[in-house]
> 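Please find one structure pasted underneath; my questions will follow.
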Amino acid sequence: MEYRPQEMETRWQEYWKANQIFRVNPDSSQPKYYCLEMFPYPSGKIHMGHVRVYSIGDLIARFKTMCGFDLLHPMGWDAFGLPAENAAIEKNLHPSLWTTQNIASMRGQLEKLGLSYDWDREVTTCLPDYYRWNQWLFIKMFERGLAYQKEGSVNWCPSCETVLANEQVVEGECWRCARLVIQKRLTQWFLKITAYAEELLSSLTTLTGWPERVLLMQKNWIGKSSGLELRFPIVGRAESLTIFTTRPDTLFGVTFLCIAPEHPMVPLLIEGTSEREAVLSFIKKAQGQDKTVRTSLTLEKEGIFTGAYGHHPLTDEKIPIFVGNFVLMEYGTGVIMAVPAHDQRDFEFATKYNLPIRIVIAGPTGVPTGAYVDEVGVLVDSGRFTGLAVQEGQKAICKFVEKKGVGQEKIYYRLRDWGISRQRYWGTPIPILYCKQCGIVPVPLSDLPVLLPEDIPFTGKGGSPLSQSPLFANVVCPKCHLAASRETDTMDTFFDSSWYFLRYLSPHETKAPFDSPSAARWLPVDQYIGGVEHAILHLLYARFFTKVICDLGLTNIREPFSNLLTQGMVIKDNAKMSKSKGNVVNPDVLIDQYGADTVRLFSLFAAPPEKDLVWSDDGVQGAFRFLTRVHRMVSRYGGSEMIVPVGGADTLGVGTPIYRMTQRTIKRVTEDIEKFSFNTAIAALMEFYNFLSHEMEHPQTAVPFYKETVRGAMDHLVLLLSPFAPHLGESLWEMLGHPPSISQVAWPSYDPAWVEDETVEVVVQINGRIKAKFNAQAATPDEVLQKRAFDEPKIIAAIAGRPIKKIFVIKGRLINIVL
RNA sequence: GCGAGAGUGGCGGAAUGGCAGACGCGCCAGACUUAGGAUCUGGUGGGUAACUCCGUGGGGGUUCAACUCCCCCCUCUCGCACCA
């Protein structure tokens, strides 16, 4: 019988569907396992990256199912987003229609891969069923002060008259019309993720199942720094400037202050001074610089004296105040104290403008070439703190400053609040009304969902599309019943993906985002799998939402994903597969040619999951050959006349080489899957096949119950292969005379007593170099092995009568004789 | 600049102190065949006629024994980057 994957795969996909094999069993008493892969954006077609991540997830899900877990393995669509809107502009196709069509075709592709999803739980974020709960969550956050409005800057294309996402700004220009993008200040909605900054940071240590580098990226992103906030009174005025420093120990080395050009205190500083005009033109120049230029390290540090002075609260000196292009308004207080002796930037600035450099930490000499920034040394020239070590000095100065009432210790985070307003159509409408009488009014929960209007022309111009619909925008205030207007911005689509894993728990729930008993049963996600490109934003937002939702009393978990696997990219011709590079491989073509099992097997075999996978058409061919060979062996030797009862098979032929090999393979495959070493698990299966096929070509007739032993081995080969190549697994299982479905058969266990070979090859070394080898019974005592070594002619020759210093015996493996 | 990860045959990769190169691809030879881009069998790190010698980015070290542990350096990938 020939291996024809196409017919076989269709047949089993239909069987699984008709028999609801992968539907979650609500009455199960088995331990739960929630296996989740990041859901895709429905762009229209799946690519190899999808094939890879879903193959990994499906393997884990099928393996865990066979291991006796009750599986939740859902799939859905991250269905809001810009491409749909662009398609609408370009092809005059409504985003909802475009998205629905894409989902239908992509679902078909995923089904063709034979993935074990419970499709009854499919979640689609652009449906009102889903996004009404976005609105619900938004209002809950608004009520708690976690959603608020403020002015923020956005990328704005003056010719398209629209806001652009950061990814749409290509080298400072609009991706569509190449017009220079400007920064525009708009009032936007923000989520107060900073309120959770400390917990988002500190609980990273509890995420032991996450890759170290993702934890590190999150840590850096949150960017906690503790230091001292200190007020410098402005000489001759009532106001003062507040600075932030992480090096309070260098306070006595301050020789000037530097303020950001955008700082609101600047006009006050230069009021009526002779420097006013010069400073204003400097500020104008600095603000004209692009944001990325402004913050690049290569930017020449420039500044100008304001004419004003600050009063050093500890030394009572007059300190000149400069405006500096390298000082950022967005971080800290927007003002810095400059200590050129101990900060490289301050040093460069001071050198350029001939400002004094005062050493206050005793370290190595040689200051003129750079600043001494190490936090090692002793304070010098620092008044009453002189002589203290750096660490002590920091503590003492903070304490002194606080006591004196001129400042306090303070913690700053790099993390900013999350601006979620998008001047777009294809997203969740923000459920807020603006009433002249009552101000900002959230839409009453009973009025949700706020539906997206249908009567919108897609021009790509004129700001928020929703404002074009008078029917949508003009409403009556629910409080005072006077005319009010609707918020016409929609939400960032990251909002949608921040909690979709909760919606899977009870996707048809109509009273809440999800029901609590389901949450208690399934949370947290046991294994999350996705691309490392989401290491920061999506995963940070999802963690934030989980904490908020817990604080709303809806769950009792504070971290959503216990274990995270980040898979590498799919590479071809030394580049990531992409349309623009022209190096894409179409999964459909491969599935038509080789079948889904082959494509899946190759994706798992070619590289460890977290590494990049180099695509190889020949490698796919190799995977296909392997499956063909297994198929041929089972159809040739696994005839039903040889049926033995399941469970009975493995008691036959105990101790034979075939039996031992079977046991060893079960162990290897099980352990390799558990540590995500799928490539070596498949290698073990290949070795098992090679061994078996060799055995069958040269049968060892002395083995009792030979046929039955081989049968047991084939049963196990098929079982172990089935989560990697599920369709073939089903067919071969059937061919071996078992009833379907193999996906519900228990994963085999092994007897540790039989995983080792009966005989071992022992290597004999002289001074660490191999001189001889011999075979011995595995259980041979060390002394006997040692004696055997000395009987080897090559060893005798190598020793040549010289005295022996020492002998090392590694049990059952190696003997090293040191001369 | 800071941080993380990686560097092993012609290629993807395996081995976490104990036989370097499992498994696969490719290649070579043979078998079957009208035919082979199908299938099967055997071989395949390099040098050498051979004994053997060399070999895991480079250099040093620890050890009876190092791809593996330690120190220095080089290259590549990713992340962050005037963060006060």
Side-chain angles (χ1 to χ4, degrees), chain A residues 211-221 223-225 227-229 243-247 250 257-258 260 294-301 324-328 330-339 342-346 348-349 412-415 532-533 535-536 566 568-569 571 601-602 605-608 610-623 625-626 628-629 632 668 672 677 679-690 693-694 697 761-773 804-819:
Chain A
E212 202 57 44
R213 65 183 189 129
V214 174
L215 295 176
L216 204 68
M217 282 162 81
Q218 294 225 343
K219 185 182 169 211
N220 292 339
W221 189 263
K224 179 178 179 174
S225 63
L228 177 71
E229 224 175 57
I243 62 97
F244 175 67
T245 180
T246 54
R247 292 296 302 274
T250 63
L257 299 179
C258 214
R294 256 302 286 290
T295 53
S296 80
L297 195 59
T298 50
L299 177 77
E300 175 80 18
K301 284 165 193 50
N325 63 349
F326 68 103
V327 181
L328 304 173
E330 295 84 31
Y331 190 79
T333 59
V335 190
I336 62 160
M337 65 174 212
V339 185
H342 305 293
D343 183 285
Q344 188 57 35
R345 295 155 299 178
D346 299 348
E348 287 169 32
F349 195 86
Y412 271 96
Y413 298 91
R414 208 186 73 107
L415 182 68
V532 74
E533 65 272 20
I536 297 174
T566 49
M569 293 183 296
I571 302 278
L601 189 75
F602 176 72
F605 180 60
E610 67 282 359
K611 288 185 66 175
D612 286 347
L613 183 156
V614 180
W615 194 261
S616 150
D617 292 332
D618 288 331
V620 179
Q621 178 80 40
R625 271 203 289 261
F626 171 64
T628 306
R629 286 196 275 252
R632 191 187 311 127
R668 284 176 68 188
D672 284 354
S677 183
N679 53 337
T680 54
I682 293 166
L685 290 169
M686 288 172 168
E687 284 181 59
F688 190 29
Y689 163 81
N690 291 342
S693 75
H694 192 262
E697 300 306 321
E761 192 181 43
V762 181
V763 173
V764 190
Q765 297 179 328
I766 303 284
N767 289 341
R769 317 200 75 109
I770 299 158
K771 295 292 177 190
K773 294 178 181 182
I804 288 151
K805 288 201 187 116
K806 200 154 185 185
I807 300 171
F808 294 85
V809 180
I810 307 302
K811 196 148 197 67
R813 279 174 168 248
L814 177 142
I815 297 166
N816 190 12
I817 301 164
V818 185
L819 296 180

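Naming: A, B, ... by sequence-line order, numbering from 1 per chain.
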> Let me know the distance between OH of A:Y413 and P of B:A84, rounded to the nearest Å.
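Checked: the OH to P distance equals 13 Å.
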> Please pick, from B:C19, B:G13, B:A84, the nucleotide with the shortest atom-to-atom distance to any side-chain atom of A:Q765.
B:C19
> Applying ring pair (Phe, Tyr, Trp, His ring centres under 6.0 Å), can you list everything that pairs with A:Y412, at least two apart in sequence or on another chain?
A:F244
> Which nucleotide, B:A15, B:A84, B:C25, lies nearest any side-chain atom of A:R629?
B:C25
> What pair of heavy atoms forms the shortest contact from A:D346 to A:D343, and how long is it?
N-OD1, 3.1 Å
> Give A:G223 one of three labels, base, sugar-phosphate or nothing, depending on what nucleic acid heavy atoms sit under 4.0 Å from its own.
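Nothing, no heavy atom under 4.0 Å.
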> Of the candidate nucleotides B:C23, B:C83, B:C64, which contains the atom at the shortest distance from the side chain of A:M686?
B:C23
> With heavy atoms under 4.0 Å as the rule, sort A:R668 into base, sugar-phosphate or nothing.
nothing
> Distance check needed: B:G12 C1' versus A:W615 CH2, whole Å only.
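My rounded result for the distance is 13 Å.
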> Below 4.0 angstrom from OP1 or OP2 of B:C23, is there any side-chain N or O of A:R625?
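Checking A:R625 against B:C23: no side-chain N or O falls below 4.0 Å of OP1 or OP2.
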> Between A:D612 and A:M569, is there a donor-acceptor pair closer than 3.5 Å when you use the side chain of the first and the backbone of the second?
yes
> B:A84, B:A20, B:C78: which one has an atom nearest the side-chain heavy atoms of A:R213?
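Nucleotide nearest to A:R213's side chain: B:C78.
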> Rounded to whole angstrom units, what separation is found between the CD1 atom of A:I571 and the C1' atom of B:A6?
14 Å
> With RNA chain B as reference, determine whether A:T628 or A:K611 sits nearer its 5' end, using the nearest nucleotide of each.
A:K611
> Taking all heavy atoms of A:R414 and all of A:Y331, pick out the closest pair and write down the distance.
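Heavy atoms of A:R414 and A:Y331 come nearest at CA-CE1, 4.1 Å.
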> Between B:U41 and B:G45, how far apart are the C1' atoms? Round to whole Å, please.
23 Å
> For B:G42 versus B:C25, give the span between their P atoms, rounded off to a whole number of Å.
14 Å
> Closest approach to the side chain of A:R414, judged atom by atom: which nucleotide of B:A15, B:A81, B:G13 is it?
B:A81
> With a 3.5 Å limit on both atom pairs, tell me what B:G42 is paired to, counting Watson-Crick and G-U wobble, or say none.
B:C28
> For A:D343, which contact category applies under a 4.0 Å heavy-atom criterion: base, sugar-phosphate, or nothing?
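Touches nothing.
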> Side-chain N or O of A:R769 versus OP1/OP2 of B:C54: is the shortest distance under 4.0 Å?
yes
> Out of B:C19, B:G24, B:C64, which has the shortest distance to the side chain of A:F605?
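Per side-chain heavy atoms of A:F605, the pick is B:G24.
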> Is the shortest side-chain N/O distance from A:N325 to OP1 or OP2 of B:C82 below 4.0 Å?
no
> Answer yes or no: side-chain N or O of A:N220 and base N or O of B:C80 forming a donor-acceptor pair under 3.5 Å.
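Checked by distance alone, the answer is no.
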> According to the 5.5 Å centroid and 30° plane-angle thresholds, does A:F326 stack upon the nucleobase of B:C82?
no
> Under the 3.5 Å rule, do the base of B:C82 and the side chain of A:K301 count as making a donor-acceptor pair?
yes
> Does A:K219 NZ have over 12 foreign heavy atoms under 6.0 Å away?
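Counting neighbours around NZ of A:K219, 12 or fewer heavy atoms of other residues, nucleotides or ligands fall under 6.0 Å, so no.
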> Nearest whole angstrom, please: distance from the C1' of B:C80 to the NZ of A:K219.
13 Å
> For the atom pair CD (A:E533) and OG1 (A:T566), what is the distance rounded to the nearest 0.5 Å?
9.5 Å
> For the P atoms, the ones on B:U63 and on B:C70, what distance do you get once it is rounded to whole angstrom?
16 Å
> Using whole Å, report how far CZ of A:R247 lies from P of B:A84.
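One finds 11 Å between P of B:A84 and CZ of A:R247, rounded.
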> Looking only at side-chain atoms of A:E687, point me to the closest of B:C25, B:A14, B:A22.
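The closest nucleotide is B:A22.
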> Are the side chain of A:N767 and the backbone N or O of A:L819 linked by a donor-acceptor pair below 3.5 Å?
yes
> Select base, sugar-phosphate, or nothing to describe what A:E761 touches, counting heavy atoms under 4.0 Å on all strands.
base
> Can you tell me, in whole Å, how much space there is between the C1' of B:G55 and that of B:G7?
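Per the computed distance, 16 Å lies between those C1' atoms.
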> Rounded to whole Å, please give me the gap between CD in A:Q621 and C1' in B:U39.
12 Å
> Rounded to the nearest 0.5 Å, what's the gap from CZ on A:F626 to CG on A:N690? Could you check?
8.0 Å
> If you measure from the P atom in B:U48 to the same atom in B:G1, how many Å do you get, rounded?
44 Å
> Measure from the side-chain heavy atoms of A:R632 and tell me the nearest of B:U39, B:A22, B:G12.
B:U39
> On RNA chain B, nearest-nucleotide positions of A:L216 versus A:T333: which is more 5'?
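Mapping each residue to its closest nucleotide by heavy atoms, the 5'-most match is A:L216.
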> Rounded to whole Å, please give me the gap between CD in A:E610 and C1' in B:A6.
12 Å
> Let's see if you can work this out: which of B:G26, B:A84, B:C64 has an atom nearest to the side-chain heavy atoms of A:T245?
B:A84
> Does B:A84 have OP1 or OP2 under 4.0 Å away from a side-chain N or O of A:S225?
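Yes.
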> As a test of reading the structure: which of B:G13, B:C23, B:A84 is closest to the side chain of A:N690, going by heavy atoms?
B:C23
> Please confirm whether any donor atom in the side chain of A:K773 sits under 3.5 Å from an acceptor in the base of B:C19, or the reverse.
yes
> For B:C67 and B:U8, measure between their C1' atoms and round to the nearest Å.
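Here B:C67 and B:U8 have their C1' atoms 7 Å from each other.
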> Expressed as a whole number of Å, how far does the P atom of B:G3 sit from that of B:U44?
46 Å
> Applying a 4.0 Å non-hydrogen cut-off, can you work out what A:R813 is touching in the nucleic acid: base, sugar-phosphate, or nothing?
sugar-phosphate
> If the P atom of B:G10 is compared with that of B:U77, how far apart are they to the nearest Å?
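So the two P atoms sit 22 Å from each other.
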> Please report the interatomic distance CG(A:L613) to CZ(A:F605), rounded to the nearest 0.5 Å.
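A:L613 atom CG to A:F605 atom CZ measures 11.5 Å (nearest 0.5 Å).
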> Pick base, sugar-phosphate or nothing for A:I810, based on heavy-atom distances below 4.0 Å to the nucleic acid.
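Base contact.
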> Kindly label the base of B:G37 as syn or anti, based on whether its glycosidic torsion lies within 90° of 0.
anti
> Tell me: CG of A:N816 to P of B:G18, nearest whole Å?
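Answer to the nearest Å: 13 Å.
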> Categorize A:L814 for me: base, sugar-phosphate, or nothing, with a 4.0 angstrom heavy-atom threshold over every strand shown.
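Since a base atom lies under 4.0 Å of A:L814, the category is base.
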